[in-house]
Amino acid sequence: MKIATWNINGVKARLETVLAWLQEADPDVACLQEIKSIDENFPREEIEALGYNVETHGQKSFNGVALISKRPLEDIQRGLPGDDSDEQARYIEATISTETGAVRVGCLYLPNGNPLGTEKFPYKLGWMDRLIAHAKCRLAQETPFLMLGDYNVIPDPKDARNPENWTNDALFQPESRQKFRTLLNLGFTEAVRSCTDAAETYTFWDYQAGAWQKNNGIRIDHILMSPLATDRFSGCGIDKHVRGWEKPSDHVPVWVRLAA
DNA sequence: ATGCCTTGTCGCACAAGA
């Protein structure tokens, strides 16, 4: 079973690219972020035509997440618990049943948090606290659980080509990295770093200043697996070549493979 | 560098991203 995550930066502008990638990569489940669409405008028929079920949690203009799966998506949960006043569409979760049991999959778009010194950074940290609380809840349950998405956190200096350029950025603040470690230390395995220690392993390259051509990237899209999910983990990858396609997103897909 | 691109918006410049 192949489960992927990708921040597509706008489903309207990226539909042809998304369809091309789905046909090439053939994931069983895909978590999409930054759909930038309300649910009613999401191009569900085009994706259903490739054999997928589609569930969205969108909003106007910004943010928005979607879960697509060849198998049915059950027990859909929209929004991250812990703050009823939060109107930003950044989380959707569902259960997928397989021949060997169910997996619970959370698709997340963690707040960017920039610029520092505004209300955006405490919103990011508060959202991470809510994610930690929710993850504890899921770890206490029997179903294998994965959280995939755009975490907007550079975990380590080696996860940036030029870490010194990020010292005043919300993605690389000590508080952001600390909370990411707290989340991991609940008992999750981070898929990509469990596969490779290779330097220059990135998932995002800015559109500006030739970042892609210079390989000036960062690694901010992550897949966290609960112990029961990790037991079934058999491999992972980053579809870096997609960044070189026409009209690319600034992020590329990241995926894991689980037994059955 | 408050810059550089890209997307979406009841557009004709601006907000937001990272």
Side-chain angles (χ1 to χ4, degrees), chain A residues 5-21 31-43 56-66 86-91 107-125 127-128 131 148-177 179-180 192 200-222 238 240 242-254:
Chain A
T5 177
W6 189 15
N7 179 323
I8 60 173
N9 188 19
V11 72
K12 185 180 173 189
R14 207 74 58 220
L15 181 58
E16 294 310 313
T17 310
V18 170
L19 295 174
W21 171 75
C31 303
L32 306 178
Q33 301 92 37
E34 275 205 279
I35 63 173
K36 296 186 175 180
S37 165
I38 59 174
D39 296 334
E40 292 75 12
N41 291 347
F42 190 85
T56 61
H57 180 42
Q59 68 177 85
K60 194 174 177 184
S61 306
F62 304 116
N63 308 319
V65 287
D86 184 0
E87 295 183 345
Q88 299 191 29
R90 295 178 175 276
Y91 192 82
C107 167
L108 66 97
Y109 177 43
L110 206 148
N112 173 299
N114 282 308
L116 297 176
T118 70
E119 74 290 346
K120 296 189 175 196
F121 189 56
Y123 173 68
K124 174 181 192 143
L125 298 179
W127 205 95
M128 296 184 82
L131 185 63
L148 306 89
D150 177 359
Y151 282 74
N152 270 318
V153 174
I154 302 167
D156 187 86
K158 77 184 295 185
D159 296 313
R161 174 65 173 267
N162 301 118
E164 65 279 7
N165 291 353
W166 299 91
T167 50
N168 293 316
D169 194 288
L171 279 61
F172 196 52
Q173 286 309 290
E175 297 96 323
S176 309
R177 297 169 58 197
K179 288 193 189 295
F180 185 74
V192 169
E200 304 195 345
T201 299
Y202 307 131
T203 67
F204 169 93
W205 296 260
D206 201 289
Y207 288 123
Q208 302 184 69
W212 167 244
Q213 289 75 11
K214 295 185 234 173
N215 198 25
N216 179 15
I218 52 177
R219 195 174 71 91
I220 56 175
D221 299 271
H222 307 300
I238 299 174
K240 180 178 179 178
V242 172
R243 186 64 177 80
W245 286 359
E246 291 292 313
K247 271 188 72 98
S249 170
D250 39 8
H251 297 250
V252 295
V254 183

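Letters A, B, ... are given to chains in the order of the sequence lines, protein chains preceding strands, and every chain is numbered from 1.
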When you compare [N] with [M], how far apart are their [atom1] atoms, in angstrom units rounded to a whole number?
N	M	atom1	result
B:dC5	B:dA18	C1'	12 Å
B:dA13	B:dA1	P	29 Å
B:dC14	B:dC4	P	13 Å
B:dC10	B:dT6	P	23 Å

Does [X] place a side-chain N or O at less than 4.0 Å from the phosphate oxygens OP1/OP2 of [N]?
X	N	result
A:Asn112	B:dA18	yes
A:Lys60	B:dC10	yes
A:Asn7	B:dA18	yes
A:Lys36	B:dT6	no
A:His251	B:dG17	no

Go through [options] for me and flag the one nearest to the [X] side chain.
X	options	answer
A:Lys120	B:dA18, B:dA16, B:dC4	B:dA16
A:Arg14	B:dG8, B:dG17, B:dT7	B:dT7
A:Phe204	B:dG17, B:dA18, B:dG8	B:dA18
A:Asn152	B:dA18, B:dT7, B:dA16	B:dA18
A:Trp166	B:dC4, B:dA18, B:dT7	B:dA18

Just checking, any donor-acceptor pair under 3.5 angstrom between side chains of [X] and [Y]?
X	Y	value
A:Asp150	A:Gln33	no
A:Asp221	A:Thr203	yes
A:Asn216	A:Trp205	no

Distance check needed: [N] [atom2] versus [X] [atom1], whole Å only.
X	N	atom1	atom2	value
A:Ile8	B:dT7	CD1	P	12 Å
A:Ile218	B:dG17	CD1	P	14 Å
A:Glu34	B:dA15	CD	P	18 Å
A:Gln173	B:dA18	CD	P	16 Å
A:Gln213	B:dC4	CD	P	17 Å
A:Phe121	B:dG17	CZ	P	14 Å

(request) Answer yes or no: is there a side-chain heavy-atom contact under 4.5 Å between A:Tyr202 and A:Asp159? (result)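 They are not in contact (no side-chain heavy atoms under 4.5 Å apart), so the answer is no.
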Mind checking [X] for me? I need base, sugar-phosphate or nothing, with any heavy atom below 4.0 Å counting as a touch.
X	value
A:Ala13	sugar-phosphate
A:Asp150	sugar-phosphate
A:Tyr109	sugar-phosphate

(request) Would you kindly compare A:Leu110 and A:Val11 by the position of their nearest DNA chain B nucleotide and give the one closer to the 5′ end? (result)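 By nearest-heavy-atom nucleotide position, the 5'-most residue is A:Val11.
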(request) Starting from the 5' end of DNA chain B, give me the residue, A:Gly10 or A:Gln88, whose nearest nucleotide shows up first. (result)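 Whichever sits nearer the 5' end wins; that is A:Gly10.
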(message) If you take the centroid of each ring, where Trp contributes its six-membered ring, are A:Tyr109 and A:Tyr91 closer together than 6.0 Å?
(response)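 No.
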(message) My understanding is that only one of A:Leu125, A:Asp169, A:Leu171 makes a side-chain contact (heavy atoms from CB on, under 4.5 Å) with A:Ser176; could you say which?
(response)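 Among A:Leu125, A:Asp169, A:Leu171, the one meeting side-chain contact (heavy atoms from CB on, under 4.5 Å) with A:Ser176 is A:Leu125.
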